[in-house]
K.L.:
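Mind having a look at this structure? Questions to follow.
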Amino acid sequence: MNDTNGNNAEIENVEAVAVALAEWWHASARDLPWRFGRATPWGVLVSEVMSQQTQMSRVVPYWNDWMERWPDAAALAGAAKSDVITAWGRLGYPRRALRLQECARVVASDYGNELPQTYDELLALPGIGDYTASAVMSFAFGERIAVVDTNIRRVLSRVFLGVESLGGAASPAERALAKQVLPQDSVSKCRRFDRSSVVWNQSVMELGAIVCTAKSPLCEACPVSSRCVFLRDGRPGLGERRTRPRQRFQGTDRQVRGLVLNALRNLPEGEIAVDRKSLERLWDDHIQLDRCIASLDEDGLIEILPHADVRLPV
DNA sequence: CTCCAGTTTT
DNA sequence: AAAACGGGAG
């Protein structure tokens with residue numbers, strides 16, 4: 001019973017779309033260093049965590065340096081937290097860096113330094129949610145599993161339903177659609193990055209990232225434009241804002257937290273702490289500053305020293 | 001000002 | 001279900 005979405009009659013283009021997308025993928029996919037079987041499963045996981053809310057183009061140099069320095073989970077597990085936070089640099093959401101190291105510690109100690117190969121075990125790892133667990137199952141292990149992220153939601157909704165996907169969490173209907181159109185894998189294709197479900201997930205996501213973008217999709221350059229319900233219907237609601245207003249950044253705690261962390265990352269060689277005086281120069285509102293220092297401490301991103309100086313954790 | 005290969009906490 | 005969490009690019 002697949003009644004979660006009432007659109008089964010609508011979905012009949014899938015084979016043709018899959019063929020066109022696969023061709024486009026092989027001709028136009030970005031040559032990211034963790035693609036095409038060049039990275040270990042752990043390397044794929046690292047790339048996915050770094051890409052949570054951060055554009056791929058910004059991730060590439062960080063990933064290269066990171067994997068050279070900490071090639072596997074055990075290496076990262078043994079690193080100093082301060083080094084992990086510093087290496088994370090300006091990727092944003094630095095708690096991801098800490099969770100990635102926690103993840104590495106679990107993989108190293110509970111799984112013998114080899115990434116577990118089931119969705120449920122991956123999902124249980126720190127910092128790994130539904131998207132990343134699915135992505136690793138598909139991209140690293142070649143398993144047939146529906147991957148649902150913001151790009152895939154947008155592309156599938158446009159191509160097959162002709163409407164913009166709504167903001168917020170993925171709906172049951174969107175998940176059902178993703179499962180419904182996921183290609184079967186033929187038995188003969190054994191190389192994991194050649195499996196049709198894997199190419200499907202990667203190419204749909206890639207299309208959403210570089211062609212079928214949120215605000216101004218490049219329909220002229222789209223390999224499935226002739227089969228896209230959204231384009232056929234005149235792209236109804238394109239550019240219409242469906243997400244709730246995002247929190248502004250200027251003046252928020254996130255900005256202040258970023259300033260404190262940035263000061264700690266950029267300390268001269270040999271210095272490990274920022275003193276209270278310097279902290280107070282970073283932000284005029286000392287109430288907010290103290291709130292942010294406290295929250296950074298709670299997150300394990302800094303340690304508070306005597307005299308209210310701060311440092312990165314060991 | 002919006003958007004971005006999301007996850008966790010409330 | 002909503003808020004918190006960075007920072008850069010278009």
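Convention: sequence-line order gives letters A, B, ...; per-chain numbering from 1.
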K.L.:
What is the distance from CD1 of A:I85 to P of C:dG7, rounded to the nearest Å?
P.N.:
13 Å
K.L.:
Mind checking whether A:D185 and A:V198 have side chains closer than 4.5 Å, heavy atoms only?
P.N.:
no
K.L.:
In whole angstroms, how far is the P atom of C:dA3 from the OH atom of A:Y93?
P.N.:
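Those two atoms, OH and P, are 14 Å apart.
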K.L.:
Restricting to pairs with a member in residues 291-314 of chain A, which pass ring pair (Phe, Tyr, Trp, His ring centres under 6.0 Å), not counting sequence neighbours?
P.N.:
none
K.L.:
Among B:dT7, C:dG6, C:dG7, which nucleotide sits nearest the side chain of A:Y131?
P.N.:
B:dT7
K.L.:
Specify the separation, in whole Å, of atom CZ of A:R95 and atom P of C:dC5.
P.N.:
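Atom CZ in A:R95 sits about 7 Å away from atom P in C:dC5.
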K.L.:
Is any side-chain N of the basic residue among A:D31 and A:R38 closer than 4.0 Å to the acidic one's carboxylate O?
P.N.:
yes
K.L.:
Could you state the CG-C1' distance from A:L98 to B:dG6, rounded to the nearest angstrom?
P.N.:
17 Å
K.L.:
Strictly below 4.0 Å: does A:R96 bring a side-chain N or O up to OP1 or OP2 of B:dT7?
P.N.:
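Negative; the distance criterion is not met.
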K.L.:
Give me the residues of residues 204-217 of chain A where at least one heavy atom lies under 4.0 Å from an atom of DNA chain C, by number, or none.
P.N.:
none
K.L.:
Using a heavy-atom cut-off of under 4.0 Å over every strand shown, decide if A:L261 touches base, sugar-phosphate, or nothing.
P.N.:
nothing
K.L.:
Between A:L301 and A:S57, name the one whose nearest nucleotide on DNA chain C is closer to the 5' end.
P.N.:
A:L301
K.L.:
To the nearest angstrom, how far is A:D149 atom CG from B:dA5 atom C1'?
P.N.:
5 Å
K.L.:
Roughly how far apart, to the nearest Å, are B:dA5 and C:dA4 at atom P?
P.N.:
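These two P atoms come out 23 Å apart once rounded.
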K.L.:
Touch check for A:R291, heavy atoms < 4.0 angstrom, all strands: base, sugar-phosphate only, or nothing?
P.N.:
nothing
K.L.:
For a quick check of understanding: with a heavy-atom distance under 4.0 Å over all strands, which category does A:G92 fall into, base, sugar-phosphate or nothing?
P.N.:
base
K.L.:
In whole Å, what separates the P atom of B:dT10 from that of C:dG6?
P.N.:
15 Å
K.L.:
Whole Å only: how far is the CD atom of A:E298 from the P atom of C:dC5?
P.N.:
11 Å
K.L.:
I'd like to know if A:T54 reaches the base of C:dG6 with its side chain, counting only an N/O donor and acceptor under 3.5 Å.
P.N.:
yes
K.L.:
Apply salt bridge (charged side-chain N to carboxylate O under 4.0 Å, His left out) to A:R69 and list each qualifying residue two or more places apart in sequence or on a separate chain.
P.N.:
A:D83
K.L.:
On DNA chain C, does the nearest nucleotide to A:S295 precede the nearest nucleotide to A:Q55 from the 5' side, or the other way round? Give the residue.
P.N.:
A:S295
K.L.:
Find the distance A:W34:CH2 to B:dA5:P and express it as a whole number of Å.
P.N.:
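Computing the A:W34:CH2 to B:dA5:P distance gives 12 Å.
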K.L.:
Is A:R58 near enough to B:dA5 that one of its side-chain N or O atoms lies under 4.0 angstrom from OP1 or OP2?
P.N.:
no
K.L.:
When you compare the side chain of A:Y93 with that of A:R99, does any pair of heavy atoms fall below 4.5 Å?
P.N.:
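Sidechains of A:Y93 and A:R99: no contact.
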K.L.:
Judged by each residue's nearest nucleotide on DNA chain B, which is more toward the 5′ side, A:P126 or A:R35?
P.N.:
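Closest to the 5' end, via its nearest nucleotide, is A:R35.
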K.L.:
In terms of relative ring orientation, are A:W88 and A:W66 parallel, tilted or perpendicular, with 30° and 60° separating the classes?
P.N.:
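A:W88 and A:W66: perpendicular rings.
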K.L.:
If you link I, L, V, M, F, W and Y whenever their side-chain heavy atoms are under 4.5 Å apart, who else ends up in the same group as A:L238?
P.N.:
A:F230
K.L.:
For B:dA5 and A:T132 - does any side-chain N or O of the residue sit under 4.0 Å from the phosphate oxygens OP1/OP2?
P.N.:
no
K.L.:
Could you work out which one of B:dT8, B:dA5, B:dG6 sits closest to the side chain of A:Q53?
P.N.:
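Of all the options, the side chain of A:Q53 is nearest to B:dG6.
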K.L.:
Once side-chain contact (heavy atoms from CB on, under 4.5 Å) is applied, do any residues pair with A:Y131, and if so which ones, sequence neighbours excluded?
P.N.:
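A:Y131: side-chain contact (heavy atoms from CB on, under 4.5 Å) contacts with A:E48, A:A135, A:F139, A:V147, A:D149, A:M205.
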K.L.:
Base, sugar-phosphate or nothing for A:R154? Non-hydrogen atoms, less than 4.0 Å.
P.N.:
sugar-phosphate
K.L.:
On DNA chain B, compare the nucleotides closest to A:N151 and A:L125; which residue's is nearer the 5' end?
P.N.:
A:N151
K.L.:
Return the set of residues passing salt bridge (charged side-chain N to carboxylate O under 4.0 Å, His left out) with A:D130 (not counting sequence neighbours), or none when no residue passes.
P.N.:
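Once residues adjacent in sequence are excluded, the partners of A:D130 under the salt bridge (charged side-chain N to carboxylate O under 4.0 Å, His left out) criterion are A:R175.
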K.L.:
For A:D299, report the nucleic acid contact type (base, sugar-phosphate, nothing); a contact means any heavy atom under 4.0 Å.
P.N.:
nothing
K.L.:
Could you check how far CD of A:Q52 sits from C1' of B:dC3, rounded to whole Å?
P.N.:
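Going from CD in A:Q52 over to C1' in B:dC3 covers 17 Å.
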